[in-house]
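Here's the structure, in structure tokens; my notes come after.
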Amino acid sequence: MDWRGRRQSRNIEDRRGQPLQGSGGGVGLLLVLRLLPWLLGTRAGRIMLGLGVVVFFGARMLGIDLLQLAGGPGAQQSYTFTEQEQELAEFVSVVLADTESTWQKIFAESGMRYEEPVLVLFSQRVASACGSASAAVGPFYCPADRKVYLDLSFFHDLDRQLGAPGDFAQAYVVAHEVGHHLQTLLGISQKVRAAGRGQPAAVVNGLSVRQELQADCFAGVWGHAAQSYSNMLEPGDLEEALQAAAAIGDDRLQRRGGGEVVPDSFTHGTSAQRVEWFRRGFESGDMGQCDTFSATL
């Protein structure tokens with residue numbers, strides 16, 4: 001990909017090398033718990049406790065996390081990025097910026113406003129509005145805070161463990177998660193959750209497959225724009241993305257894990273389906289071609 005020297009996104013939140021948010025005040029919280037019997041047992045203690053509760057929740061309303069601040073300056077771990085790590089972070093920022101330009105244009109053509117997502121870079125573990133998660137879960141999108149979460153070590157796994165190297169393979173991963181953001185903006189994710197409520201696992205999984213394949217198609221629509229308008233793609237880039245899509249198909253991952261292939265347990269779609277829907281978006285450049293919910297899979 002021809003990405004160097006291009007605009008980087010303002011919507012990168014870099015938490016690499018930082019402790020899990022909210023963990024810094026553990027010592028202070030423990031002290032409060034030990035003093036709780038005295039605080040509840042005396043009039044002065046109850047007054048202090050009441051004031052503390054008011055201050056704590058007042059600060060939270062202002063966006064200030066007192067537990068994090070209680071950890072002090074030592075709570076932030078110093079972390080020096082390697083040149084390769086920094087370049088990878090800049091690459092992700094450029095890809096995110098290009099998705100922003102693409103979807104702003106497409107949404108504006110339909111009379112809508114595109115709200116840009118934030119992409120959080122983290123290492124090992126991260127806290128989100130959807131709960132805490134480890135790097136083992138892979139990249140994910142949280143609709144509750146409208147943020148994409150990515151540990152850059154996933155790209156190493158994509159290359160070495162899944163056999164899908166290349167920068168456009170990595171860009172596909174970012175664009176796919178942005179696709180989930182589009183589904184939230186368009187109300188699709190909310191409809192999927194409502195349709196699956198109270199349904200058997202096989203039905204819920206089937207809805208999840210269609211949602212994931214649509215995110216693949218949306219990623220392909222961005223790829224079309226990256227090739228046609230941004231001139232970012234180079235020979236061989238499309239093949240990298242298709243290889244990545246195939247590498248993370250449910251059937252291939254289940255075979256790789258040494259287990260039996262169980263279609264009813266699929267949540268993301270087969271390798272062939274993921275390739276098909278990414279290619280459909282890439283070749284058409286049209287969101288209207290991404291209606292996986294009406295299509296026969």
* Using atom types as modelled and distance alone, determine if a side-chain donor or acceptor of D98 lies under 3.5 Å from a backbone N or O of V95. => no
* Among E116, H180, E115, find the residue that satisfies the side chain to side chain donor-acceptor pair (under 3.5 Å) test when tested with R146. => E115
* Using a 4.5 Å cut-off on heavy atoms from C-beta on, say whether the side chain of S128 contacts that of F140. => yes
* Any chain of hydrophobic side-chain contacts (each under 4.5 Å) joining L96 to W103? -> yes
* Structure fact -> Distance col, row L186:CG vs M287:CE, nearest 0.5 angstrom, shows 5.0 Å
* Asked: Can you list the residues that meet the salt bridge (charged side-chain N to carboxylate O under 4.0 Å, His left out) rule with E283, with sequence neighbours excluded?
  -> R279
* To do: Run the numbers on R15 and E13 for side-chain contact (heavy atoms from CB on, under 4.5 Å), then give the verdict.
  => CA-CA 6 Å; R15 298 189 201 167; E13 185 179 326; 2.8 Å; yes
* Has R16 got its NZ or CZ under 6.0 Å from the middle of the six-membered ring of F81, at an angle within 45 degrees of the ring axis? -> yes
* To do: Flag the pair E90 and R4 as a salt bridge only when some basic side-chain nitrogen lies within less than 4.0 angstrom of an acidic carboxylate oxygen.
  => no
* To do: Give a yes/no verdict on a cation-pi contact between R280 and W277, requiring under 6.0 Å between NZ or CZ and the six-membered ring centre and an angle within 45° of the axis.
  => yes
* To do: Determine, stepwise, if the pair D145 / Y149 fulfils side chain to side chain donor-acceptor pair (under 3.5 Å).
  => CA-CA 11 Å; D145 57 20; Y149 291 83; 2.6 Å; yes
* Asked: Got a second to check how far F155's CZ is from L88's CG, nearest 0.5 Å?
  -> 6.0 Å
* Asked: Distance only, no hydrogens: is a donor on one side chain within 3.5 Å (strictly under) of an acceptor on the other, for Q124 and S134?
  -> no
* **Check: F278 ring centre within less than 6.0 Å of Y172 ring centre** => yes
